[in-house]
Amino acid sequence: MLQAVDLGDHSIQRYVRVVGPDEIAELRELAAPLRGLRLMHVGSTPYGGGVSELLRSVVPLERDLGLAADWRVISGDEPFFKVTKTIHNGLQGEQRGLTPEQMEVYRDRSMSNAQLLGTEFDVIIVHDPHPLAMRHFLGTSGARWIWRCHIDTSEPHLPVWQFLEPYLADYDAAVFTLPQFVPPGFPVKRVEIIPPAIDPLSPKNMPLPQSLRHRILSWIGIDVGQPLVTQVSRFDPWKDPLGVISAYRLARQHMPELQLALVGSMALDDPEGWDIYRQIMAAAESDPLIHVFTNMTGVGNIEVNTFQRQSRVVIQKSIREGFGLVVSEALWKGTPVVAGRAGGIPMQMPEGTEEYLVDSIEDTAERVLHLLTHQNEAKRVGAAGREHVHRHCLLPRLLADELRLVASLV
Ligand code: UDP
């Protein structure tokens, strides 16, 4: 069998105090006919990145709602994850194709993972392109299959897209974050648009008292008496960490005590991370006010939570972005965000804050500085952001959307 991911027990009842009783009652109604349904999520990494963040909350709650939900990860070696990263980048528009050898690696590992899948499931949700072709290599299947695409596939590099497209033929449905992400001529008839969401009760997002926040940040070398801006992201070129350093340096010309934290996770399925990490370290040039942290050096959910709460501004300077959970995570904490005008980011920014969507390094620096020097405006953006996330980007809404889709397929 594919490797199962260990999960805790979560109770949907606890969310009543965040979203109110009606939304949870509706969720229970949606789940009632699905009691006992065997639902499997297949992903490519148990940690690092938005998909694992989501499934760690979604699957225990689906279980609590009565479904027999499960989360498994495919196995892969370095050549496979290099190929899947090329596919990921190609789907987001990078003009680089796959060699015949790379195509063979993808087919070969997809075939062996398909053999490990087992047959005892009613619905299978396949996340992102890494495990996509398993459906094809499995042949006949009694289950309903959904492909959940988390990335921006609006302008894919055609040779990469044409390689993957035939593997979608047998899917029953596909889910994208935005309508414009559906590639032209997409072969699956049933397409749903469901944006992701954050878990307000997870350690990443739960309230943390200020004294604890100060202790955590001091412990890892941040001066809590001086202003701080942060970007939290996988080390990935699409998140433009080098652009963040350049923007920060421009802003610091007007605020010499300003600190920058770049908090980045390494994911099992992302072999590019270390290269980008080295480029960041070179660009930071041992600057004592630029702090670089990773999940490999002990900066986990509580620390990320602290950075997102304690920063005066959170930056997310993405060039391409599927959704960017980090934007909702920061806004939920009332922290204003300056973010790239890319993919799913604008839908997370509340009305009246479009001016904080940026397209260049200079804009990023100027907008960050504006928020740092206009505290009332920073408060306004943070408060509007929290309200917007409350209404649109919390987990119970996502669960309801997904359960509706599953119910319509079985
Ligand atoms: N994340 C983290 N530690 C890090 C960097 C990122 O826990 O050092 C988390 C972040 O808080 C978010 C997820 O990883 O929950 C990233 O999701 P997002 O949708 O922003 O981007 P993706 O990595 O999926 O492209």
Side-chain angles (χ1 to χ4, degrees), residues 43-58 84-85 88-89 91-92 127-130 148-153 176-178 181 194-206 208 216 220 230-241 244 260-274 276-277 280 291-309 311 314-333 335 337 339-340 342-349 389 393-395 398:
S44 51
T45 176
Y47 62 88
V51 177
S52 55
E53 182 77 20
L54 274 173
L55 292 179
R56 202 161 281 286
S57 294
V58 162
T84 53
K85 189 69 203 239
H88 171 106
N89 288 343
L91 290 180
Q92 295 222 118
H127 294 265
D128 275 342
H130 316 63
R148 201 330 168 185
C149 178
H150 293 271
I151 57 182
D152 176 352
T153 42
F176 291 86
T177 295
L178 282 172
F181 287 176
I194 304 180
I198 62 161
D199 182 350
L201 301 185
S202 71
K204 164 96 28 99
N205 296 314
M206 67 191 186
L208 290 177
I216 289 172
I220 53 178
T230 299
Q231 173 157 303
V232 177
S233 276
R234 276 182 305 106
F235 292 138
D236 178 311
W238 301 111
K239 315 279 186 184
D240 198 15
V244 174
L260 170 68
L262 288 171
V263 183
S265 53
M266 301 298 170
L268 186 69
D269 61 351
D270 186 358
E272 256 180 354
W274 288 111
I276 309 291
Y277 177 77
I280 291 170
H291 303 269
V292 183
F293 301 103
T294 78
N295 53 337
M296 312 298 273
T297 52
V299 172
N301 287 332
I302 300 286
E303 286 83 359
V304 169
N305 185 339
T306 308
F307 274 107
Q308 290 169 333
R309 283 182 193 282
S311 296
V314 159
I315 303 171
Q316 187 54 43
K317 205 196 155 304
S318 303
I319 297 162
R320 280 283 160 93
E321 189 60 79
F323 184 68
L325 288 174
V326 284
V327 172
S328 282
E329 287 168 3
L331 291 174
W332 175 244
K333 296 166 179 101
T335 304
V337 174
I345 289 177
M347 75 162 85
Q348 299 176 67
M349 298 289 273
V389 171
C393 308
L394 295 185
L395 205 58
L398 170 66

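Start at 1 and go down the list; that is how both ligands and their atoms are numbered. The model shown is predicted, which means the values in this text are computed figures rather than measured ones.
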His127/Leu55 under side chain to side chain contact (heavy atoms under 4.5 Å, CB included): CA gap, chis, key distance, verdict: CA-CA 10 Å; His127 294 265; Leu55 292 179; 3.7 Å; yes

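- In this structure, the side chains of Gln348 and Val389 stay at 4.5 Å or more apart for every pair of heavy atoms.
- Nearest to atom 16 (C) of ligand 1 by heavy-atom distance, out of Gly264, Gly50, Gly322, is Gly50.
- Annotation: Glu329 places an N or O atom under 3.5 Å from an N or O atom of ligand 1; distance criterion only.
- Between Val232 and ligand 1, no pair of N/O atoms sits closer than 3.5 Å.
- On a distance-only criterion, Val304 and ligand 1 share no N/O pair closer than 3.5 Å.
- For ligand 1, the polar-atom distance check against Ser233 finds no nitrogen or oxygen pair separated by under 3.5 Å.
- Using a 4.0 Å cut-off between heavy atoms, Lys204 contacts ligand 1 through its side chain alone, with no backbone atom that close.
- For the pair Ser233 (side chain) and Phe235 (backbone), a donor-acceptor distance under 3.5 Å is absent.
- Every side chain to side chain donor-acceptor pair (under 3.5 Å) that Glu329 has, sequence neighbours left out, goes to Gln308.
- Taking the side chain to side chain donor-acceptor pair (under 3.5 Å) definition, one finds that Thr177 meets it with Arg148, sequence neighbours left out.
- Residue contacts with ligand 1: Asn295 is placed with no nitrogen or oxygen under 3.5 Å of a nitrogen or oxygen of the ligand (distance criterion only).
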